[in-house]
*Asks:* 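The structure follows.
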Amino acid sequence: MEVAVGVVNLKMQLAGFNAPLTIVIDAFDESFNGAVWLLVSFGVVCFIAFMTLKSGKGNFMTEHPQTIPAVK
């Protein structure tokens, strides 16, 4: 049963990924340039959002001194 649910979920995820790209490709007269630029722009937005994150917390080892690191 779990395998069937996983297969259905995988196919729905793939459809959700492919549908917007197909729409963009159709909008740019069957050219992949629009889809590539769309993915690049999303990547840039995600990178900028990631670089502006601030946790306001200290180092993990200063917060949890009882934790022993696995590798030095």
Side-chain angles (χ1 to χ4, degrees):
M1 179 69 180
E2 292 94 14
V3 174
V5 172
V7 170
V8 170
N9 189 17
L10 173 68
K11 293 189 183 214
M12 288 190 308
Q13 294 293 328
L14 289 175
F17 176 77
N18 287 334
L21 293 180
T22 304
I23 292 169
V24 170
I25 290 169
D26 286 341
F28 281 88
D29 298 324
E30 304 293 326
S31 172
F32 285 93
N33 291 338
V36 170
W37 283 112
L38 179 70
L39 292 175
V40 168
S41 63
F42 287 161
V44 168
V45 169
C46 290
F47 177 75
I48 291 170
F50 176 74
M51 295 304 291
T52 59
L53 289 177
K54 294 182 183 178
S55 66
K57 296 182 180 179
N59 189 345
F60 179 79
M61 292 307 293
T62 59
E63 292 178 16
H64 307 286
Q66 72 278 8
T67 305
I68 299 172
V71 178
K72 285 188 175 189

*Asks:* Check residues 8-18 and write down every donor-acceptor pair under 3.5 Å in which the side-chain atom is one partner and the other belongs to a residue at least two apart or another chain.
*Replies:*
{"from": "Asn18", "atom 1": "ND2", "to": "Leu14", "atom 2": "O", "distance (Å)": "3.3"}

*Asks:* What's the shortest heavy-atom distance between Gly34 and Val24, and which atoms?
*Replies:* C-CG1, 3.4 Å
*Asks:* If hydrophobic residues (ILVMFWY) are linked whenever their side-chain heavy atoms come closer than 4.5 Å, directly or via other members, who joins Val45 in its cluster?
*Replies:* none
*Asks:* Would you say Leu38 and Ile25 are hydrophobically clustered, going by side-chain heavy atoms of ILVMFWY under 4.5 Å?
*Replies:* no
*Asks:* Once rounded to the nearest 0.5 Å, what's the spacing between atom CH2 of Trp37 and atom CG of Leu39?
*Replies:* 11.5 Å
